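First the structure, in the form of structure tokens, and then the observations on it.
Computed from a predicted model, the values in this text were never measured in an experiment. Note on naming: letters A, B, ... go to the chains in the order of the sequence lines (proteins, then strands), and numbering restarts at 1 for each one.
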Amino acid sequence: MPVACQHCQKAAATVHLTDIVQGEKRERHLCADCAEEEGVIMKTTPVPLNEVLSKFVMQKAAVQELADLTCEQCGMTFVEFRSHGLLGCPNDYDAFRRAMDPLIERTHEGTTQHVGKTPLRMDPAARNKMDMIRLQRELSQSVTDEKYEEAARLRDQIQRMKSE
Amino acid sequence: MKDLDQLIGHIGAWLVHSGPMNDVVISSRVRLARNLAGFPFLLKSDESQRKEIHRTLYETVLQTSWGPKMVYVDVEKASALDRQLMVERNLISRQLAEIEGSRGVAFLPEETMSLMINEEDHLRMQVIRSGLQLAELWQEIDAIDNDLLSKVDFAFHEQYGFLTACPTNVGTGIRVSVMLHLPALKLAGELEKVSHAAKDMHLAVRGLHGEGTEATGDFYQVSNQTTLGRSESEIIHEFNDVIIPRIVEYERLARQVLLKDRQAALDDKIWRAYGVLENARTMSTEETLFLLSHLRMGVNMGRLSNIPIDTINDLFLRTQPAHLQKMSGSILDGEARSIARADYIRKRLASDN
């Protein structure tokens, strides 16, 4: 016999928590929806792109201007992208920029800034900027991991780059 | 190597049992997606643009230090059977085999590296090795990517990184996947947990043949889904040193528990599988995978000692439809393939005894 959710009293409880609050043991039984609502669990399953896209477009359906976005280089419209799930050319990323940021954020764990490798032949200023972003990130990670020697090395490298 | 028939004479180097943690990890693979700057993605390319992209990439690949050693196949002109053969050997994707238009593949004769031209992106490069060797694979693919980057411009965006036809691959364009054999976790009913944990970490868990396939014979492919916001080496490090070793430990533990608590049932499964493989007269692909999985488990757990793992890997590869037809030298229907498959398995197992 499944236990009913202590919050909504309706659905079967599937999340079982044991808290120790000031030495006292407290048990709670919640259904997945209530647990999510209370922030106890997070639904983190990656959402398929098509689903994100259609939800996203539905949400913004009122905003006709998004649907009207068109890439001047390849002629692709945002609506067309939505139906294929594929873009028409590199310029679409800029042509659909307003729609792209939130979309990329949702499919890439909340980030929109590339921190990986950059082409060797890239414009030096742009390359420098990307390297800086990456180094800052690595620095904060090494502090979190308590790798202080590495953190010091990264800090020096960042200082050197700033003064160049 | 002009003739793809020569491929069936050996198995790809990545299938030769030698890599680290190979009792659980069959193979590791790293893929990068790239597109030439100045061209539309394939959805908006007409046939003449596709041909130009194809030619440009083919010529560039030839100029790299790997180029002269590589085998090149014009996939558009290849026969359906040859395309299927390359899919079975992991040299090309099902998508590259099935789409239309100008497209090709260049690969090393050892089959450890292949470069697909005009798949979903202009260029999809992949490297593959036996066992868990992601750090080595990253070095290798990074080197060929750098070689190509010194010769052509790939579409790159200051904020979004390397641009891909699908925004789910944008940024690094990297896909890391590891093929795992998890029979003990499956028998112990613990796979759900692994699968949930993987999903919480934004990883995809798929069957043997990648996207959209069910896991058959206890083989699972784990891969990253997020390609932006973390560097390639961070992604590789997390897989190589954290995620995969944990799953491997978990599987090894489940194997020890099986040996301790359910030895008779375990041996029964293994020896039944062996008995059927040695004697059956017709055999489907699914049954083959299921039985070979038990056989592999038996060998890796020390319950069966007279069968080399390489024989089992050979059977995985050569019992696939295109391989059976290439070996018999004729087109076989489903029923004929089931007979040829059972024949091949019996002979192969007998030749090792």
Greatest number of non-hydrogen atom pairs under 4.5 angstrom with chain A, of B:Thr227, B:Ile174, B:Thr226, falls to B:Thr226

Salt-bridge criterion met for A:Asp94 and A:Arg97 (N-O under 4.0 Å): yes

**Presence of salt bridge, A:Lys117 and B:Asp145, under 4.0 angstrom** = yes

Answer key: most heavy-atom pairs under 4.5 Å with chain A among B:Asp142, B:Leu228, B:Leu43 is B:Leu228

Under 4.5 Å to a heavy atom of chain A? For B:Thr164 that would be both

Looking only at B:Gly173, B:Gly171, B:Ala204, B:Ser233, the option with the highest number of non-hydrogen pairs under 4.5 Å against chain A is B:Gly171

If one checks every heavy atom of A:Glu80 against chain B at 4.5 Å, the contacting part turns out to be side chain

Polar contact flag, side-chain donor to acceptor under 3.5 angstrom, B:Asp147-B:Ser65
yes

If you count heavy atoms of other groups shown closer than 6.0 angstrom to CD of A:Gln9, is the number above 12? yes

If one checks every heavy atom of A:Asn91 against chain B at 4.5 Å, the contacting part turns out to be neither

Between B:His122 and B:Phe154, is the ring centroid distance below 6.0 Å?
no

